[in-house]
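Note that the structure is predicted; figures quoted are calculated from it, not measured.
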Amino acid sequence: MSLITELLIALFLTLFIANYFKLQWLRRRYPPGPAPLPIFGNLWTLNFTLHHDTLMQLAKTYGNVFTVWLGQKPVVVLNGCQALRDGLISHSEELVDRPSIPTYHELTRGKGVLFSSGPTWKQQRRFGMTSLRNLGVGKKIIEVRIQEEAQSLLEFFAMTKGKCLDPSPAMVHSVTNVISAVIFGHRFSRDNKEFPQLIEANDVIASKLVSAWGRLFDVFPWLMRHLPGPHQDVFKCNSFLEEFMKKEIQSHKENGVHEEPQDLLDFYHTKISRDSQDVASTFDEHNMVRLAADFFLAGTETTTTTLRWALLHLVNQPEIQENVQKELDDVLGESQIIHYEDRKRLPYTNAVIHEIQRISSIVPIGLFRKTVNETSLQGFNIEKGSLIIPNFSSALFDPDHWETPQQFNPGHFLDNEGKFKNNEAFMPFSAGHRVCLGETLARIELFIFFTSLVRSFNFRLPNGVKHINMDPMFGGTLQPQPYQICVVCR
């Protein structure tokens, strides 16, 4: 071995050991957690992913507020209902920002609403909330749109005449048409050639964004930009999604913005014109593209995934399906149209929908937060600029708040008199200032689509099939395995 080689090895070992002791010193400033290794931190312990089950296991050792290291970056994990409520609700102002981590920056450049912070986030979010209200979300006008898409879905399933099929494409199409009408002012026909590509792009972003490759990109962005892998698929699909938004925006320009805005893009064009002289305004075409993409991504993925899980639970537990159908028949009778207001007369059905959301835990891990100021969480001092990640699954399965957390049990949302009751640990839409913008729309969609389907059809396993795989596929959302069921008219 040459002298130069020996010197290089000695230098590497010296730097490695120095970095190790540096990390041990730094970790004293954060809540407890597994000891990090140089370069990789706790990525080995985490199997290079932030899996909710792994984080819940670590919480048993280190407590509900603990620290993991993604490379050289410490991340404080909030686990369990009380830690989450303390961080996201009691200290919502202090935990409102997003950090500028490599994956977030690569996708959005700090634009839009999902991954932005500061004035951009505040202005875009306020605009988004106002636009949704003006477009009828929370009012009868949006219910009519959802009812129309639900009816279209019922007609499609009726044409299958009880044959076994994968129900996902049809449900995705109907749910996507609701958010498409909100953003673009139009729906997609079933034979639209670009629609499957759009949905595939959505799926790739949702399923691979939080993969091990994404974590490696966050630690080694300078290297991972040049290496092939699933992270490159995410970036390509994100580019396709943004290019689609640009085409829709251009189409609005060519057709002219309505005097009375008809959709989100109309409202945004009007906002740009009104704020053209305001130097503090963040309203421009870059933010319009990203906001539309954020709305489309969030407004499609979670609702369709929840409905896919809903049908799985119904075929897996036929007694639950029968109980829902009985309540719907007894309360609604021959009424043809289901309204969101009907949920107040359907406590069991409402409880089943909530339990599906709870046990499916569609978004198990929230997006990264960053502390705006130094704060205190559950007795720990958290420095300004610290990265925070909420483990929402830990609240949805918190044994202190659910009688049988690992079992499907609608009784979690029913009191002793059979009336619907809320639970503070139920937070599938996040909580605090960063709560999902589309929560109201999603709740209405889930209720109307679910009740319309269950009232019209029986969902059964294919002949000869006695078991269906309920294991989720881990990603940005927890998706069910591909499946087929029989949809039989009642």
Side-chain angles (χ1 to χ4, degrees), residues 50 52 84 88 107 112-115 125 128-129 132 137-138 142 145-146 149-150 153 167-183 198-211 234 237-238 241 264 291-313 340 350 352-367 390-393 395-397 426-432 434-450 453 472-481:
L50 286 169
H52 54 287
L84 284 165
L88 304 185
L107 287 171
V113 69
L114 280 180
F115 300 96
R125 181 178 176 84
M129 293 176 66
L132 287 176
V137 173
I142 200 66
R145 176 76 66 176
I146 297 169
E149 292 299 338
L153 181 61
S168 299
M171 291 193 296
V172 169
H173 181 267
S174 293
V175 171
T176 302
N177 272 335
V178 175
I179 195 64
S180 295
V182 170
I183 302 171
L198 196 59
I199 296 306
E200 183 181 0
N202 233 26
D203 287 344
V204 169
I205 295 170
S207 62
K208 296 182 179 179
L209 178 60
V210 299
S211 68
V234 171
C237 288
N238 185 65
L241 188 61
L264 183 75
L291 184 69
D294 288 347
F295 266 55
F296 189 84
L297 180 66
T300 301
E301 175 61 28
T302 53
T303 302
T304 55
T305 301
T306 303
L307 287 173
R308 290 166 64 197
W309 278 114
L311 298 191
L312 273 182
H313 285 292
Y340 185 53
N350 198 17
V352 168
I353 294 172
H354 280 68
E355 181 66 358
I356 289 167
Q357 290 179 270
R358 183 197 72 83
I359 203 162
S360 301
S361 186
I362 304 303
V363 183
I365 300 291
L367 297 173
N391 183 6
F392 290 118
S393 277
L396 297 176
F397 292 90
F426 183 73
M427 49 182 81
F429 298 102
S430 186
R434 282 277 183 176
V435 70
C436 176
L437 259 179
E439 177 179 356
T440 300
L441 177 61
R443 286 181 181 275
I444 299 171
E445 285 183 286
L446 283 174
F447 182 79
I448 292 179
F449 275 111
F450 179 81
L453 287 167
M473 297 188 296
F474 178 75
T477 57
L478 289 186
Q479 300 183 356
Q481 304 282 342

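Within the 3.5 Å criterion, the main-chain N or O of P472 finds no donor-acceptor partner in the side chain of W309. In terms of modelled atom types and a separation under 3.5 Å, the side chain of T303 and the main chain of T300 share no donor-acceptor contact. Of the possible donor and acceptor atoms, one in the side chain of D294 sits under 3.5 Å from a partner among the backbone N and O of V113.
Between T477 and V363 there is a side-chain heavy-atom pair separated by less than 4.5 Å. When side chains are defined from C-beta on, F295 counts as touching L132, because their heavy atoms get closer than 4.5 Å. Side-chain atoms of S360 and H313, non-hydrogen and from C-beta on, do get closer than 4.5 Å to each other. In this structure, F429 and R443 have side chains that are in contact, with non-hydrogen atoms separated by less than 4.5 Å. Under the 4.5 Å side-chain criterion, counting only non-hydrogen atoms from C-beta, L396 is in contact with F426. Looking only at side-chain heavy atoms (C-beta outward), T305 and P480 come within less than 4.5 Å of each other. Put simply, the side chain of F392 reaches to within 4.5 Å of the side chain of S430, judged on heavy atoms. Side-chain atoms of L367 and R434, non-hydrogen and from C-beta on, never get closer than 4.5 Å to each other.
Across every non-hydrogen atom of L88 and P390, the tightest pair is CD1-CB, 4.1 Å. Annotation for F450 and L307: closest pair N-CD2, 4.2 Å, computed over non-hydrogen atoms. Residues S361 and L478 come closest through the heavy atom pair O-CD1, 3.4 Å. Residues I146 and E445 share a closest heavy-atom pair of CD1-CG, 3.6 Å. Counting all heavy atoms, side chain and backbone alike, N391 lies closest to P364 at OD1-O, 3.4 Å. Nearest heavy-atom pair, I365 versus L50, reported as atom, atom and distance to 0.1 Å: CG1-O, 3.5 Å.
In this structure, CD1 on I448 lies 13.0 Å from CG on L153, to the nearest 0.5 angstrom. For the atom pair CG (L446) and CD1 (I356), the distance works out to 8.5 Å, reported to the nearest 0.5 Å. Between E355 atom CD and I359 atom CD1 the span is 5.5 Å, to the nearest 0.5 Å. Between the CZ atom of R125 and the CG atom of L437 there is a distance of 4.0 Å, given to the nearest 0.5 Å. To the nearest 0.5 Å, the span separating CD1 on I205 from CG on L107 amounts to 7.0 Å. Once rounded to the nearest 0.5 Å, the distance linking CE of M171 with CG of L311 reads 4.5 Å.
Atom CD of E200 is surrounded by 12 or fewer heavy atoms from other residues, nucleotides or ligands within 6.0 Å.
The residues E149 and R145 are annotated as not salt-bridged, no charged nitrogen and carboxylate oxygen being separated by less than 4.0 angstrom.
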